[in-house]
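In what follows, a single structure is set out as structure tokens and then discussed.
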2 protein chains.
Amino acid sequence: MSRSNPRVLSTLERAGGFASAQEIYRLMQREGESIGLTTVYRSLQSLVNDKIVDVLRRDDGEAIYRLCGDAHHHHLVCKGCGDTVEIEGGAIEKWAKVMAEEHGFREVGHTAEIFGLCSKC
Amino acid sequence: MSRSNPRVLSTLERAGGFASAQEIYRLMQREGESIGLTTVYRSLQSLVNDKIVDVLRRDDGEAIYRLCGDAHHHHLVCKGCGDTVEIEGGAIEKWAKVMAEEHGFREVGHTAEIFGLCSKC
DNA sequence: ATGGGAATGAAAATCATTTTCATTTGTGCT
DNA sequence: AGCACAAATGAAAATGATTTTCATTCCCAT
Ligand SMILES: [Zn+2]
Ligand SMILES: [Zn+2]
Ligand SMILES: [Zn+2]
Ligand SMILES: [Zn+2]
């Protein structure tokens, strides 16, 4: 595993905390930074592993990376403009735990996301 | 625009109402049906336009097509052996609806999945 | 200085999806 | 049947994101 190149994280921040690998790469190029696309991908993967960013999908399937606090939470994402609201998942946490117990699963985690159109779209 | 080849829809149904274009194509091949991958993609697109199926994304970005009106459910997946249990998501349905309303979102959908180790693993 | 592991990036490989385009098929008309 | 024309089909090429390969460069501890 490789460690994340700090310039990638800094660029993601500058991009508004929301961008695809390709966009980050092009942004860095435009600003005269010398970096390879491979390194951008590797750095983003590493940041995802470290739970510093998380990854969503655009409608066209492209992965977008988003800065993310480490407290466990879920997202409400607008399909139109990409706006994201971090939401609390109390009900889900309980649901996941109950369902897992009911079927004898242990060491359980979960993913949950809501997507739709925000009031502006 | 082309109309959907009915064998594609029939195969999607037979697949459990949930499959990617590639999977449907391979399935039809295995069953000796003669069809081109292009036609599978075109048919699925047409079905999406007609709102007969809807489309989600796997974690890896591959598009999966799902029969609308299919009994909506969620999955409990074993990280060890891959065993999957279909579970009811009553609590989540409510949670998603409440959260969306609270933030003024419309046309909302959601994904939710639980993963862990099953009793055999 | 030197050896070894980590980081880098160019180029090739992969893989889903889309586009092109020539061919086949279907349908209505004579 | 014979013809015209539109729709459907699918093979092959193009596209575009992401991953893999691999040779080179960096960094650091001895
Ligand atoms: Zn919006
Ligand atoms: Zn949660
Ligand atoms: Zn298991
Ligand atoms: Zn649900």
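All heavy atoms count here, side chains included; hydrogens, waters and symmetry mates do not.
The CG-C1' distance, from A:D60 to C:dT17, rounds to 11 Å in whole Å. If you take CG of A:L44 and C1' of D:dT18, they are 12 Å apart, rounded to a whole angstrom. The interatomic distance linking A:R57 (CZ) with C:dT17 (P) rounds to 11 Å, in whole Å. Regarding B:Q22, its CD atom lies at a distance of 8 Å from the C1' atom of C:dC15, rounded to whole Å. Whole-Å rounding puts the A:R58 CZ to D:dA17 P distance at 10 Å. For the pair A:L37 CG and C:dA12 P, the computed distance is 15 Å after rounding to whole Å. One can place CE of B:M28 at 13 Å from C1' of D:dG10, the figure rounded to the nearest angstrom. Look at CZ on B:R26: it is 10 Å from P on C:dC15, rounded to the nearest Å.
An OP1 or OP2 oxygen of C:dT17 is reached within less than 4.0 angstrom by no side-chain nitrogen or oxygen of B:Q45. Residue B:N5 has no polar side-chain atom (N or O) positioned under 4.0 Å from OP1 or OP2 of D:dA8. At C:dT8, none of the side-chain N or O atoms of A:T38 fall inside 4.0 Å of OP1 or OP2 (strictly under the cut-off). Taking only side-chain nitrogens and oxygens, B:Y41 never comes nearer than 4.0 Å to OP1 or OP2 of C:dT18.
Between A:R14 and A:E31, at least one side-chain N (NZ, or NE/NH1/NH2) sits under 4.0 Å from a carboxylate O, which counts as a salt bridge. Look at B:R30 and B:E23 and you find no salt bridge, because none of the NZ, NE, NH1 or NH2 atoms lies under 4.0 Å from a carboxylate O. The existence of a salt bridge linking A:R57 and A:E62 is excluded, since no basic side-chain nitrogen approaches an acidic carboxylate oxygen closer than 4.0 Å.
Contact annotation for B:S34: backbone-only contact, meaning every heavy-atom pair under 4.0 Å involves sugar-phosphate atoms and none involves a base. Among the protein residues, A:E23 comes within range of no part of the nucleic acid, since none of its heavy atoms lies under 4.0 Å from any strand.
Sequence order on DNA chain C of the closest nucleotides to B:I64 and B:R42 puts B:I64 first from the 5' end.
B:C78 and B:C121 get closest at one heavy-atom pair: SG-SG, 3.7 Å.
Closest approach to the B:A63 side chain among D:dA8, C:dT17, D:dT18 is made by C:dT17 (side chain taken as heavy atoms from C-beta onward).
Grouped with B:Y25 in one hydrophobic cluster are B:V8, B:L9, B:L12, B:I24, B:M28, B:I35, B:L37, B:V40, B:Y41, B:L44, B:L47, B:V48, B:I52, B:V53, B:V55, B:Y65, B:L67, the linkage being side-chain heavy-atom contacts under 4.5 Å among Ile, Leu, Val, Met, Phe, Trp and Tyr residues.
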